[in-house]
Amino acid sequence: MSIDVALGDLTREPADALVNAANSTLLGGGGVDGALHAAAGPALLEACRRIRRTQWPDGLPVGEAVATGAGNLPARWVIHTVGPNRHRGQADEGLLASCYTRSLDVAGQLGAHTVAFPAIGAGAYGWDAPTAARVAVATVAAHPRTGIDRVRFVLFTQRLYDAFRAELAGLDA
Ligand code: AR6
């Protein structure tokens, strides 16, 4: 069971499950959400609409996670989670941690062996890189991750990559 980091584009990361930093509507947006929907094709939006009609009619709550198929992405599933929006005063690190915990719970239930995460909350939702990295790495390291062989953080900027790498190095120390 390993945790590692890569600098790159999540939409090109082969993994059983790719985690999406979505919003509560599940109907798309900018950032990594927009990139995943663009690369996946319309099947992803249709699957999200189905979730809204059935499981989460009022939207996915902050800190929750739900899975769909992955359309044309190099993955079997996309796990959508919603980070707390600091710009709206949602500054509870526990909710950010919950995004990682619930995503790994869902991944384990699906039988995913490899999971790739972006830096949830570290874009439009305003979490600074050191905090986003600390919460992400500590939460994933503490999770039992039953059946999951590898968790990879795929970071889009050098700054986030460095912050996540520093946290991972701290785990090994
Ligand atoms: N691969 C990996 N990381 C990426 C990619 C990519 N292709 N594109 C962007 N990032 P954000 P949030 C990084 O804003 O802060 C959306 O509109 C980006 O550099 O995507 O949780 C949703 O619909 C940043 O470090 O997610 C919501 O409305 C990180 O992904 C809202 O943004 C997260 O930034 C969610 O905001």
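Only this structure's heavy atoms are used, side chains among them; waters, hydrogens and symmetry mates stay out. Both ligands and their constituent atoms are indexed starting at 1 by order of listing.
Taking every heavy atom of G31 and a limit of under 4.0 angstrom, the matching atoms of ligand 1 come to 8 (N), 9 (C), 20 (O). Close contacts between ligand 1 and D33 involve ligand atoms 22 (C), 23 (O) [criterion: under 4.0 Å to a heavy atom]. Contact atoms of ligand 1 toward D9: 1 (N), 6 (C), 7 (N) (distance under 4.0 Å to a heavy atom of the residue). Heavy-atom contacts of G30 reach the following atoms of ligand 1: 16 (C), 17 (O) (cutoff under 4.0 Å). Residue G29 approaches ligand 1 through these ligand atoms, each under 4.0 Å from one of its heavy atoms: 17 (O), 23 (O). Of all atoms in ligand 1, listed by their number and element, those nearer than 4.0 Å to a heavy atom of A21 are 21 (O), 22 (C), 26 (O), 35 (C).
Among G121, A38, G83, A129, the residue whose heavy atom lies nearest to atom 21 (O) of ligand 1 is G121. Distances from atom 19 (O) of ligand 1 to the heavy atoms of F117, F153, F156, Y125 show the closest one on F156.
Taking a cutoff of 4.0 Å between a charged side-chain nitrogen and a carboxylate oxygen, R52 and E46 do not qualify as a salt bridge. Using a 4.0 Å cut-off between charged nitrogen and carboxylate oxygen, R134 and E167 do not count as a salt-bridge pair. With respect to the salt-bridge test (charged N to carboxylate O, under 4.0 angstrom), the residues D4 and R152 qualify.
Nearest non-hydrogen protein atom to atom 1 (N) of ligand 1 is L10 N, 2.9 Å. When only non-hydrogen protein atoms are considered, atom 14 (O) of ligand 1 lies nearest to A124 N, 2.8 Å. Closest protein heavy atom to atom 30 (O) of ligand 1: V32 CB, 3.9 Å. Protein heavy atom in closest approach to atom 15 (O) of ligand 1: G123 N, 2.8 Å. Taking atom 28 (O) of ligand 1 as the reference point, the nearest protein heavy-atom neighbour is N23 ND2, 3.2 Å.
Using modelled atom types and a 3.5 Å distance limit, the side chains of D105 and Q109 yield no donor-acceptor pair. Side chains of H80 and N20: a donor on one and an acceptor on the other come within 3.5 Å. Counting only N and O atoms by type, the side chains of D9 and T11 include a donor and acceptor under 3.5 Å apart.
Only side-chain heavy atoms of L160 come within less than 4.0 Å of ligand 1; its backbone N, CA, C and O stay farther off.
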Discussion item. Evaluate T81 against Y100 for side-chain contact (heavy atoms from CB on, under 4.5 Å), listing each step before the verdict.
Written reply: CA-CA 8 Å; T81 190; Y100 290 95; over 6 Å; no

Item to complete: Give the C-alpha distance, both sets of side-chain angles, the deciding distance and a yes or no for side-chain contact (heavy atoms from CB on, under 4.5 Å) between N23 and Y125.
Response: CA-CA 10 Å; N23 58 62; Y125 282 179; 3.2 Å; yes

Practice prompt. Go through the steps for C99 and E64 under the test side-chain contact (heavy atoms from CB on, under 4.5 Å), then give the verdict.
Written response: CA-CA 6 Å; C99 292; E64 255 303 340; over 6 Å; no

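Using a non-hydrogen distance threshold of 4.0 Å, A119 registers as a contact of ligand 1.
I148 and A112 get closest at one heavy-atom pair: CG1-O, 3.5 Å.
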